[in-house]
Amino acid sequence: MNSKSTSKSGQSVHNCVKTIQALNTRLGQPPNLAKRAKRWQFNAAGLALDMRRSAISDESLSEVLSLAKDRQIAQKIAGLIAGEPVNNTEQRAAHHSALRAIFDDSLSVSALEARGVFQRVCELANRIRQQLWHGFSGKPIRDVVNIGIGGSDLGPRLVCAALDDGAAQNSNAPAVHFAANIDPVELNRILRNCQPETTLFIVASKSFSTQETLENAKAARRWLLNSMQKADLAKHLVSISSNVEKATRFGIAAENIFPMWDWVGGRYSLWSAIGLPIAIAHGAEAFEALLRGAHAMDTHFASAPLEENLPVLLAALDFIHINALGAASVAVLPYAHQLALLPDYLQQLCMESNGKGVDRQGNRIDFATGPVVWGSAGTVGQHSFHQLLHQGSEAIPIDFILPLQAPHNAAHAEDARHRQLVANCLAQSKAFAEGKSVATAKQELLGGGASEAEASRLAPHKASPGQRSNIIIAMDSLNAGTLGALLALYEHRVYVQSILWDINAFDQWGVELGKQLGGPIDAALADNNTSPGSDEITNSWIKKYQSLNAK
Ligand code: F6P
C-alpha cells in the first residue's frame, strides 16, 4: 500500500471541504433549516424526497457537484449500469442493476442470464405456494427456512417483513423463516415449531464457504436425516450459490441449485435468486414489482441531471454532513413498523461498502468515509434514543422514511394509530430542525404558572438547539414497487459517496482478518490437549472455555 498521507484525490476532498466550511461560516452552520419552504423537494420512481430541513444549500451542492464532475461521475454512473469492472481490487462488475433490467426489450448478457434464473425462481415459488412441492411423506411444504448471512439474509429478511402489513395471509403460503447466526439458538428456535416432512431449507451462500451458513446447513441436514433417508433430502434442500460444485458436494441436487454470478456482490444480491424467500412468502408478482421499482430508480439514476438526481443529491448531503460538518453517524428512522429491519439492512449496505481507509489506488486517506448507520422504527425510538438526537452534544443527521397511506384498508374507523404515527414523524422532523429557544421555554414555563426563578432554572433544560439536519423520504404507500425504488436509491447513494471519496464500494477485505484468526482459535477450543497460540489474552479465554465445557 502506498503510505502517502494526502493523495491527489484526498487533496480534492480537502479543498471541497474547506470551501463548504467557509460557505457555512458565512451562511450560518448549517444554513437555517427551519425556513426553506420553496426548494429542495424532488420526486422519482414513486418516492418523494424532502430536503427542506437538511444542511444542503445551492452553494455547497455546487461545490460537491464540481468535485463529482472532477471524479467523472457521469462516466462512473454509466460504467456501473453497463457492467464495467468498477470493483477494481477484484476486477469485477457490480451489475446488480442488470438483475432488475430483465423486463426490458433489449437485454445485456447479464440481464439475459438473470431473466432465466428469475423465471426458475418464480416457478419454484409458485409450486410451493400452490402446494405442489411435496416433502418426502407426500405432504406440502409448510415452513421454509432460509439459511444464509449478510447479503444472503438481510435483503430477503427485510423485504419479507416489509411486505407483511399484518393483514390475513394466503393460507397456502408457507411460513418463511431466516437463520443467520452461527449461535445454534436462532435455528433451534425456528425448528422447534417445524416438522421435517413439511420443511424446506434454502441454503443461500454466494461462495458456499461461509462458516455460519455451512454449519447451520449441516445442522439442518442432521435434523432432516433424523426423520428421512438420504435420498429424500432433495425434497427438502435447495440452494442459491455461485459455487455450484460445492453446493452439489454438500448433497444438494443439481436441479435445486440456483446460480449467482461474480458480477453481483453479496450485499447487492437480493434482486437475484437470493430473493427466492420473497417470491415464496409474497408471490412472484411481488418479487417482479420489487425489481421493477428498483429498475425505475436505476433509470432515474442513469438519466436525471445531477442537480435533480436523488442518489447524487443524497450522497452530496452525506458529504456535507460527514466531511464538512463532522457527523460520524447517520440515523435512519422508518415511520413504518414494516421497515423495522431497514437499519440492519443498511448497516451492511453502507458500512461494508464504504467503511474503507484507503482510496482506489491503495493510498491511505485522511478524511472521513462511511459513517456508522443506525436507527429503529418510529415511534419506538422516541421513547429511547431521541433524547440524544434532540439535545445531545453531537448533531446527528437523520433520514425519516414515511409511507403516507395506512397499511391496509381494514383499519377500524376509530383507529387513529397510523395517523398518529405520521403526525409523530412530522413533529420529530420539525422539532429537530426548529428546536426551541431558552426564551421560548422560559415563556412556556411562566405561562404554566412557574415563578421567575423556577422558569429561569428549568428553561435551559427544556430548550432544544434545533438545526438537526434531516430529510424525509416519503411514498404514497409502502408496496413492492416503492420498496424496490427505496433500496435501489440507497444502493446508488452509497456508490456516489464512493465516487466522491474515490474508494471502492464493492470489496470487503476488512472482514477477512477475523475469519483468518477464528480458525486456529476454534481448533484450540476444540482440542483440550492443544496448547493454544502465543497470545496470552486469547489463551486465558481458551482455557476458561475449556474448563467450562470439559466433556
Ligand atoms: O463476510 C462478509 C460476506 O462476504 C458478505 O459480504 C456476504 O454478504 C456474506 O459474507 C455472506 O457471504 P456468502 O453469501 O458467500 O455466504
Side-chain angles (χ1 to χ4, degrees), residues 86-96 99 114 117 121 145-160 178-183 186-187 201-221 237-250 252 257-278 341-356 370 373 487 490-491 494-495 498 503-519 521-522:
V86 289
N87 175 353
N88 68 321
T89 60
E90 297 175 296
Q91 285 312 316
R92 287 179 187 166
H95 210 185
H96 35 283
L99 297 167
V117 176
V121 163
V145 185
N146 188 80
I147 295 179
I149 198 163
S152 300
D153 166 74
L154 291 163
R157 195 192 281 253
L158 162 68
V159 176
C160 283
F178 292 87
N181 205 327
I182 199 162
D183 187 329
E186 190 181 23
L187 184 56
F201 291 93
I202 303 171
V203 184
S205 175
K206 180 179 166 191
S207 59
F208 215 90
S209 55
T210 302
Q211 183 188 47
E212 292 87 339
T213 302
L214 292 190
E215 292 305 317
N216 275 329
K218 285 184 210 160
R221 191 174 54 186
L237 285 173
V238 302
S239 179
I240 300 142
S241 185
S242 61
N243 197 334
V244 175
E245 195 193 321
K246 262 188 143 179
T248 315
R249 248 187 286 136
F250 183 84
I252 298 177
I257 301 172
F258 294 83
M260 285 176 78
W261 308 273
D262 269 354
W263 46 264
V264 183
R267 55 191 172 275
Y268 298 87
S269 67
L270 81 97
W271 325 96
S272 71
I274 289 291
L276 174 62
I278 301 167
L341 294 176
L342 183 65
D344 298 35
Y345 169 82
L346 292 179
Q347 282 181 334
Q348 188 199 17
L349 177 64
C350 303
M351 293 162 79
E352 203 175 58
S353 295
N354 285 343
K356 306 283 164 67
V373 177
L487 301 183
Y490 273 95
E491 286 179 348
V494 163
Y495 179 55
S498 78
I503 58 178
N504 180 1
F506 300 111
D507 58 12
Q508 60 283 322
W509 298 106
V511 303
E512 295 304 323
L513 177 59
K515 292 184 194 174
Q516 268 169 18
L517 297 177
I521 295 175
D522 182 42

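Start at 1 and go down the list; that is how both ligands and their atoms are numbered. Here the structure is a predicted model, which means the values were calculated and not measured.
Ring planes of His96 and Tyr268: parallel class, angle under 30° (limits at 30 and 60°).
A donor-acceptor distance shorter than 3.5 angstrom exists from the side chain of Asn243 to the backbone of Ser207, with no hydrogens or angles considered.
Screening residues 145-160 for salt bridge (charged side-chain N to carboxylate O under 4.0 Å, His left out), with sequence neighbours left out, gives Asp153-Arg157, Arg157-Glu186. Residue pairs meeting the salt bridge (charged side-chain N to carboxylate O under 4.0 Å, His left out) criterion with at least one member in residues 202-221, sequence neighbours excluded, are Glu215-Lys218.
Sorted by chain then number, the residues whose non-hydrogen atoms approach ligand 1 to under 4.0 Å are Ile149, Gly150, Gly151, Ser152, Ser205, Lys206, Ser207, Thr210, Gly266, Gln348, Glu352, Gln508, Val511, Lys515.
Residues passing the side-chain contact (heavy atoms from CB on, under 4.5 Å) test with Lys515, sequence neighbours excluded: Val511, Glu512.
Taking CG of Leu346 as the reference point, atom OH of Tyr490 lies at 6.0 Å (rounded to 0.5 Å).
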